[in-house]
K.L.:
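Starting off with a structure, shown below.
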Amino acid sequence: GPKQYTITRFFSKL
Amino acid sequence: MLELRLVQGSILKKVLEAIKDLVNDANFDCSATGFSLQAMDSSHVALVALLLRSEGFEHYRCDRNLSMGMSLTNMAKMLKCAGNDDIVTIKADDGSDTITFMFESPTQDKIADFEMKLMDIDSEHLGIPEAEYEAIVRMPSSEFARICKDLGTIGDTVVISVTKEGVKFSTRGDIGTANIVCRQNTSIDKPEEATIIEMQEPVTLTFALRYMNSFAKATPLATQVTISLSSELPVVVEYKIAEMGYVRYYLAPKIEE
């Protein structure tokens, strides 16, 4: 099935 | 010194119910802008951003920027002790390791204060880039909650696709499949029942339903929910808090490798 990505893959740490 | 007085204390009760299952501990940030929070769930798949603007409070005093670590479970326990019509005041002294919630009944005949221990929490803020979304769906929040609950009994993931025809929510599980299509419906006389779809490009994305069901805990905060979608970007599920701000949930998609 499709892979669950994490939010940190899209939004970077400040 | 911090002192925030919220006449409609039930908003804070609802906010806690909306986020406590997703995030255990979080830093609340207080500044001249307002009372806010940004936190990820423990698996870093979802992120919640809360803003209660200072103008929405009856009285708002925040002498300097403060970040206060709280157990959301414990904060929810304390706020459950406030009546639905109570006025809630949040107080903290500089350098204190506690925060006080004061509850006043509307007739001022009962005043309670609950002091809660603060905690040190390491958390990093994420930069959320401004994005042009390919599709924005606005629909009744109760309808969205119902769809997520129903689909969650059949499958684990939801495929959301927006086309000219409407927005389709699909799932599949061991017992079979389900598809729910909502068409645009601009009920003029009852705006809270409207479904409005703004689409630049057709978009299809897959998400874990258990997070969607967790987001739906915010339903009592707003009659409408806004779902913003772009291919290969986290979905934004937003509940506006009247006159005050919002709770926004960001959920990373599932992507076929």
Side-chain angles (χ1 to χ4, degrees), chain A, chain B residues 22-23 27 29 38-49 67 122-131 133 155-160 170-174 204-212 214-215 228-237 248-257:
Chain A
K3 182 188 168 192
Q4 176 66 68
Y5 280 68
T6 59
I7 209 87
T8 43
R9 170 135 187 158
F10 303 94
F11 301 159
S12 50
K13 288 173 181 169
L14 289 178
Chain B
L22 193 66
V23 177
N27 284 315
D29 299 311
Q38 191 203 79
M40 281 187 280
D41 79 298
S42 58
S43 56
H44 293 192
V45 166
L47 178 138
V48 56
S67 186
D122 278 329
S123 73
E124 279 162 302
H125 273 252
L126 298 183
I128 301 167
E130 286 286 319
Y133 287 93
D156 297 328
T157 62
V158 60
V159 178
I160 304 179
S170 310
T171 194
R172 76 174 48 242
D174 294 339
T204 297
L205 283 160
T206 304
F207 300 101
L209 269 168
R210 70 182 184 90
Y211 290 98
M212 290 291 185
S214 179
F215 304 165
S228 304
L229 301 139
S230 267
S231 351
E232 313 217 335
L233 264 190
V235 62
V236 191
V237 179
R248 285 183 193 147
Y249 301 96
Y250 297 83
L251 177 60
K254 289 184 157 197
I255 298 173
E256 208 67 61
E257 290 184 284

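Side chains are part of it too, since the values below use all heavy atoms of this structure and drop only hydrogens, waters and symmetry mates. In what follows, chains are A, B, ... by sequence order, proteins preceding strands, each numbered from 1.
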K.L.:
Please list, chain by chain and in numerical order, all residues satisfying side-chain hydrogen bond (donor to acceptor under 3.5 Å, both in side chains) with B:Tyr211, sequence neighbours excluded.
P.N.:
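Scan of B:Tyr211 (side-chain hydrogen bond (donor to acceptor under 3.5 Å, both in side chains), adjacent residues dropped) gives B:Asp41, B:Ser43.
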
K.L.:
Minimum heavy-atom separation for B:Glu256 and A:Gly1, please, with both atom names.
P.N.:
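Shortest heavy-atom contact: OE2-C, 3.6 Å.
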
K.L.:
Within the 4.5 Å heavy-atom criterion, are A:Thr6 and B:Met40 side-chain neighbours or not?
P.N.:
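The answer is no; the side chains never approach within 4.5 Å.
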
K.L.:
Select, from B:Ile255, B:Val45, B:Leu251, the one with the greatest count of heavy-atom pairs under 4.5 Å involving chain A.
P.N.:
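Among the listed options, the one with the most contacts to chain A is B:Ile255.
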
K.L.:
Which heavy atom of B:Tyr250 sits nearest a heavy atom of A:Ile7, and at what distance?
P.N.:
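Distance-wise, the nearest heavy atoms are O-CD1, 3.6 Å.
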
K.L.:
Out of curiosity, A:Tyr5 OH to B:Glu257 CD, how far, rounded to the nearest 0.5 Å?
P.N.:
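Going from the OH atom of A:Tyr5 to the CD atom of B:Glu257 covers 5.5 Å.
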
K.L.:
Mind checking the CD-CG spacing from B:Gln38 to A:Leu14? Nearest 0.5 Å is all I need.
P.N.:
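Spacing of CD (B:Gln38) from CG (A:Leu14) equals 7.0 Å.
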
K.L.:
Between B:Pro129, B:Ala208, B:Pro234, B:Ala46, who has the most heavy-atom pairs with chain A when the cutoff is under 4.5 Å?
P.N.:
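That would be B:Pro234.
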
K.L.:
Can you tell which of B:Ile128, B:Thr157, B:Leu47 has the highest number of heavy-atom pairs within less than 4.5 Å of chain A?
P.N.:
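Answer, by heavy-atom pair count under 4.5 Å with chain A: B:Ile128.
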
K.L.:
Would you compute the distance between atom OG1 of B:Thr206 and atom CD of A:Gln4 and round it to the nearest 0.5 angstrom?
P.N.:
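Rounded to the nearest 0.5 Å, the OG1-CD separation comes to 10.0 Å.
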
K.L.:
For B:Ser170, enumerate each residue passing the side-chain hydrogen bond (donor to acceptor under 3.5 Å, both in side chains) test, keeping only those at least two apart in sequence or located in another chain.
P.N.:
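Only B:Asn179 meet the side-chain hydrogen bond (donor to acceptor under 3.5 Å, both in side chains) criterion with B:Ser170.
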
